[in-house]
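Just the heavy atoms: all of them, side chains too, but no hydrogens, waters or symmetry mates, feed the values below. Start at 1 and go down the list; that is how both ligands and their atoms are numbered.
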Amino acid sequence: MRAMFKELNPPSRVLMGPGPSDVHPRVLKAMATPLIGHLDPSFLQIMNETMELMRTVFETKNELTLAMSGTGSSGMETVFVNLLEPGDKVVIGVNGLFGERMVDVAERCGAEVIRIEASWGDIIRPEQVEEVLQEHAGVKAVAVVHAETSTGALQPLSEISQLVHEHEALLIVDAVTSLGGVKVGIDENEVDACYSGTQKCISAPPGLSPVTFSRRAAEAMAKRKSKVQSWYLDLSMIQNYWGQERFYHHTAPISMNYALREALRIVMEEGLENTWERHWKLGRALQSGLEGMGLSLHVAENIRLPQLTSVYIPDGVEDTLVRKQLLEQYGIEIGGGLGALKGKVWRVGLMGFSCQPRNVLLFLAALEEVLA
Ligand code: PLP
């Protein structure tokens, strides 16, 4: 029986799907560093440094900036369970799968969800937000997805942020796919609560969710009348571990914290602006290459992300067969469409360490071969 299980030896892949992305060898090396205890003074120092790095990448001075244990969805739940109490009104922009997931999470908090819809591939317009905020009094928060990974649309934040604050509501932003790929600008855009993930443009493995909260959001949490419904995600306790008190809450995933720290250090070494520029430049090169092959892109250019491109599958081409060939013959992973886009588009990621000129060329050449 034992002989059946060989030593782990996964195939070599180029990760160009909607996430995870390729991980920098330095991050993998950091993960192989021996463990220390999660209350060891040295680990506390590592946490402090990681918090500082997260603030820099989020572009914020927010004190309450930490990494939740869990993938991006744990960050999503953290934001909603801590900010919303049963009966609270929350407006959610739904223009893809992850807006839909926010609705599900908010409803599970007992919130009254008011949806703003846009078609998959489009963005939420400020006029829609304004109309809803005028119609519904006492909205506590408005939530949008900055980079909709299910479509490849980039949601502008600043006008919506202004409207949300004019109505004294909080702005919640999903930056799982945007952070480290395009500018998020937490302070500049006055975002009140934001969550991200480690496995997209930050290029660490999946497993942590960086979150950040403004003073306004922290005050709203402090005024809660009811206990946060999730023990594991209750920030009132978790911030005592990440804060000065260092109270034990749960055992921090040590190796993932090593990974996040190293991945953020790599982003900082390149420089945030340079990182964004690399994503824009190579994203646009990939998109031009696809159009040059006669393929059409799903999202309009002015709202199109560089790090995730939805490209229409040409008529008569078998979706899964092409992806299988890319994987088996070239080692390239790309994503299929979700929801209404299933079987209609491929989703090609150029995130973090995967966003390299050689990958753009490799993918375009491989796709051309496979489609020939
Ligand atoms: N939000 C967005 C925009 C995402 O792309 C994802 C994952 O792809 C999530 C949330 C959920 O993150 P995870 O799958 O890491 O839980």
Residues [X] and [Y] bridged, charged N to O under 4.0 Å:
{"X": "Glu49", "Y": "Arg265", "answer": "no"}
{"X": "Lys225", "Y": "Glu85", "answer": "no"}
{"X": "Glu159", "Y": "Arg125", "answer": "no"}
{"X": "Lys281", "Y": "Glu277", "answer": "no"}

Going by heavy atoms, is Lys200 under 4.0 Å from ligand 1?
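Yes, Lys200 has a heavy atom closer than 4.0 Å to ligand 1.
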Gly96 near ligand 1 by a heavy-atom separation under 4.0 Å
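No, that is not the case, since the closest heavy atom of the residue is not under 4.0 Å from the ligand.
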Does the side chain of Thr309 pick up a donor-acceptor pair with the side chain of Arg304 at under 3.5 Å?
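The criterion, which ignores hydrogens and geometry beyond distance, is not satisfied for Arg304 and Thr309.
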State the atoms of ligand 1, each with its element, that fall below the 4.0 Å cut-off from a heavy-atom position in [X].
{"X": "Thr177", "value": "5 (O)"}
{"X": "Ser73", "value": "11 (C), 12 (O), 13 (P), 16 (O)"}
{"X": "Arg101", "value": "11 (C)"}
{"X": "Thr71", "value": "13 (P), 15 (O), 16 (O)"}
{"X": "Gly72", "value": "12 (O), 13 (P), 15 (O), 16 (O)"}
{"X": "Thr149", "value": "2 (C), 3 (C), 4 (C), 5 (O)"}
{"X": "Ala147", "value": "3 (C)"}

Test salt bridge (charged side-chain N to carboxylate O under 4.0 Å, His left out) applied to Arg323 - qualifying residues, sequence neighbours left out:
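In terms of salt bridge (charged side-chain N to carboxylate O under 4.0 Å, His left out), with neighbours along the sequence ignored, Arg323 is linked to Asp319.
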Could you tell me if the ring centre of Phe353 sits under 6.0 Å from that of His24?
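Under 6.0 Å, so yes.
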Looking at the rings of Trp231 and His249, which for Trp means the six-membered one, are their centres under 6.0 Å apart?
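Trp231 vs His249: aromatic centres under 6.0 Å.
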Not counting sequence neighbours, which residues clear side chain to side chain donor-acceptor pair (under 3.5 Å) with Asp88? List them please.
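Per chain and number, Asp88 pairs via side chain to side chain donor-acceptor pair (under 3.5 Å) with Lys140.
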Specify side chain, backbone, both or neither for [X], according to which of its non-hydrogen atoms lie closer than 4.0 Å to ligand 1.
{"X": "Gln199", "result": "side chain"}
{"X": "Ser150", "result": "neither"}
{"X": "Asp174", "result": "side chain"}

Which residue and atom name correspond to the protein heavy atom nearest atom 9 (C) of ligand 1, and how close is it?
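Going atom by atom, the protein heavy atom closest to atom 9 (C) of ligand 1 ends up being Phe98 CE2, 3.4 Å.
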